[in-house]
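Residue numbers count from 1 along this sequence.
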Amino acid sequence: MIRLQEVIVVEGRYDKNALSQVVDAMIVETSGFGVFHDEEKRNMIRALAEKNGVVILTDSDGAGLVIRNYLKSFIPPEKIKNAYIPEIPGKERRKNSPSKEGLLGVEGMSPQILEDCLRKAGATFVEEAPSIQSASFTKTDLFFWGLAGRPESGNKRKKLQARLGIPTNLSSNSLLEYLNRTISRSDLEQILDELEN
């Protein structure tokens, strides 16, 4: 598996699953057109773009183009790399019929095609290098800070997520992934201290 520096933005969970077989990277779903009405998710994508840059990888159909253009409307252009899948006729196994345009989406692409698309987009492959952040937060850290495994953990996590400008309904695992990609240990501890007071 190859580690990628940028965050990959895809349309849905099946796209995320397909990419998870190819790269070790944070992958964020737009929930299709859901991102149009989800300010928290837009703020999170914008923050991730500022920190790591993003690779936009949507389907080749009309809906994918609309979502890609919408993402480009709120992410600084210098933080975006565009990856495009080829137009291959067919349908995904899980679907009863092909898409409106009769093309395979991201989820229907082979691992090699997905990797090639990311390379052509200029994505930064870190290969076997250490993680992007020197801070490596664990579930033990979340427990220690009261963000997981305790009666008030959910409320405390929501306060932190609101402060970070990310969706307040993220699971503890998603929060952990976000923290490991975006913030240093000292900065996080300072924010947690401020939230306590």
Q: Give, for atom CG of D141 and atom CG of L179, the distance between the pair rounded to the nearest 0.5 Å.
A: 9.5 Å
(Q) How about CD on E78, more than 12 heavy atoms from neighbouring residues, nucleotides or ligands closer than 6.0 Å, or not? (A) yes
Distance-only donor-acceptor pairs under 3.5 Å for side chains of residues 15-23, two or more places apart:
| unit_1 | atom_1 | unit_2 | atom_2 | d |
| --- | --- | --- | --- | --- |
| D15 | OD1 | E107 | N | 3.2 |
| D15 | OD2 | G12 | N | 3.3 |
| N17 | ND2 | R13 | O | 3.4 |
| S20 | OG | K16 | O | 2.8 |

Q) Around K91, counting heavy atoms of other residues, nucleotides and ligands shown, do more than 12 lie under 6.0 Å from its NZ? A) yes
(Q) Within the 3.5 Å criterion, strictly below it, is a donor on Q190 or D193 matched to an acceptor on the partner's side chain? (A) no
Q: Would you confirm whether R68, through its side chain, and L57, through its main-chain N or O, come within 3.5 Å as a donor-acceptor pair?
A: no
Q) Do the side chains of L195 and F144 join up, straight or via other hydrophobic residues, at under 4.5 Å, putting them in one cluster? A) yes
Q. Counting distance only, does the side-chain N/O of R46 pair as donor-acceptor with the main-chain N or O of F74 below 3.5 Å?
A. yes
**Q.** Heavy-atom pair with the smallest gap, counting every atom of E177 and I27
**A.** OE2-N, 4.2 Å
**Q.** R3 to F125, cation-pi by 6.0 Å centre distance and 45° axis angle
**A.** no
Q) Is the cationic atom of R42 (NZ for Lys, CZ for Arg) positioned less than 6.0 Å from the six-membered ring centroid of F36 and within 45 degrees of its normal? A) no
Q) Does a sphere of radius 6.0 Å around NZ in K95 hold more than 12 heavy atoms from other residues, nucleotides or ligands, not counting ones at 6.0 Å or beyond? A) yes
Q.
Pair E40, N43 - check side-chain hydrogen bond (donor to acceptor under 3.5 Å, both in side chains), show working.
A. CA-CA 5 Å; E40 289 180 336; N43 289 339; over 6 Å; no
Q. Would you find a donor on one side and an acceptor on the other, under 3.5 Å apart, between the side chain of E11 and the backbone of D59?
A. yes
Q: Please lay out, stage by stage, how R119 and I2 fare under the test side chain to side chain contact (heavy atoms under 4.5 Å, CB included).
A: CA-CA 11 Å; R119 288 192 186 278; I2 305 164; 3.6 Å; yes
Q: Please assess L188 against F137 for the test side chain to side chain contact (heavy atoms under 4.5 Å, CB included), listing each intermediate value before the final yes or no.
A: CA-CA 10 Å; L188 178 58; F137 301 110; 3.8 Å; yes
Q | Any side-chain donor near an acceptor of the partner, N173 and K139, under 3.5 Å | A | yes
(Q) I want to check a possible cation-pi pair here: R94 against Y14, using under 6.0 Å from ring centre and within 45° of the ring axis as the test. (A) yes
Q) Are V28 and L176 connected, step by step, through hydrophobic side chains (Ile, Leu, Val, Met, Phe, Trp, Tyr) whose heavy atoms are closer than 4.5 Å? A) yes
(Q) For a side chain to side chain contact (heavy atoms under 4.5 Å, CB included) check, start with the C-alpha distance between L160 and W145, then their side-chain angles and the critical distance, and finish with the verdict. (A) CA-CA 11 Å; L160 173 63; W145 289 317; over 6 Å; no
Q.
Around atom NZ of K79, are there more than 12 heavy atoms from other residues, nucleotides or ligands closer than 6.0 Å?
A. yes
Q | Nearest heavy atoms of T30 and K41, plus distance in Å | A | CA-CD, 4.3 Å
Q: Would you mind reporting whether I75 and I45 have side-chain heavy atoms less than 4.5 Å apart?
A: yes
Q.
Please check this pair: side chain of K81 against backbone of A121, looking for a donor-acceptor N/O pair closer than 3.5 Å.
A. no
**Q.** Note: K156-E196 ion pair, threshold 4.0 Å (strictly below)
**A.** yes
Q) Are I8 and L65 linked, directly or through other ILVMFWY residues, by side chains that come within less than 4.5 angstrom of each other? A) no
Q: Report yes or no: do I88 and I85 belong to one cluster of Ile/Leu/Val/Met/Phe/Trp/Tyr joined by side chain heavy-atom distances under 4.5 Å?
A: yes
Q: Could you walk me through whether V106 and T58 pass the side chain to side chain contact (heavy atoms under 4.5 Å, CB included) test, one step at a time?
A: CA-CA 7 Å; V106 170; T58 58; 5.8 Å; no
Q.
In this structure, would L103 and I113 fall into the same cluster of hydrophobic residues linked by side-chain contacts under 4.5 Å?
A. no
Q. Side-chain contact, heavy-atom cut-off 4.5 Å: K72 with P77?
A. no
